[in-house]
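Fair warning: this is a prediction, and the values are worked out from it, not measured in the lab. Note that the numbering runs from 1 along the sequence shown for the chain.
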Amino acid sequence: NLSVGDSFNITTRKNGSATQHNYDIVYNSGWQHLGFTNIIDCAANDYLQVFFSSTGNKSFGADNASTWNQLHFYLLL
């Protein structure tokens with residue numbers, strides 16, 4: 001898991017190319033929060049991917065099946 005001082009990044013990719021980087025640093029031990037909104041213009045057959053990366057390729061220790069780990073996509077017309 002992440003340690004104080006580690007950085008972490010959640011990257012949104014469209015069709016395999018990074019479009020948005022959401023970056024933060026761990027300031028204290030315990031739970032970390034990174035809230036972000038990415039508005040991405042997509043066409044038919046475009047696909048989105050969300051990737052997590054961190055200092056030293058550490059995991060972020062998600063709490064499985066918890067309402068605290070959520071990712072929402074909304075279609076804006």
May I ask you to test the Leu48-Ile40 pair for a side-chain heavy-atom distance under 4.5 Å? yes

Taking all non-hydrogen atoms of both residues, which atom of Gly16 and which atom of Tyr47 are closest, and how far apart? N-OH, 3.5 Å

Quick one: do Tyr27 and Tyr23 end up in the same hydrophobic cluster if we chain Ile, Leu, Val, Met, Phe, Trp and Tyr together by side-chain heavy atoms under 4.5 Å apart? yes

I'd like to know if the side chain of Thr19 and the backbone of Thr12 have a donor-acceptor N/O pair within less than 3.5 Å. yes

Partners of Ser3 by side chain to side chain contact (heavy atoms under 4.5 Å, CB included), sequence neighbours excluded? Asp6, Lys58

Looking only at atom types and distance, does a side-chain atom of Lys14 sit under 3.5 Å from a main-chain N or O of Gln20, one as donor and one as acceptor? no

Looking at Asn22 and Ile10, would you say the former's side chain and the latter's main chain have a donor-acceptor pair under 3.5 Å? yes

Can you measure from OG (Ser54) to CD1 (Ile25) and round to the nearest 0.5 angstrom? 12.5 Å

Under a single-linkage definition using a 4.5 Å side-chain heavy-atom cutoff for Ile, Leu, Val, Met, Phe, Trp and Tyr, are Val50 and Phe8 assigned to the same hydrophobic cluster? yes

Closest heavy-atom contact between Ala18 and Thr11? CB-CG2, 3.7 Å

For Asp46, what residues pass the side chain to side chain donor-acceptor pair (under 3.5 Å) criterion, not counting sequence neighbours? Asn15

Could you pull out all residues at least two apart from Asp24 that satisfy side chain to side chain donor-acceptor pair (under 3.5 Å)? none

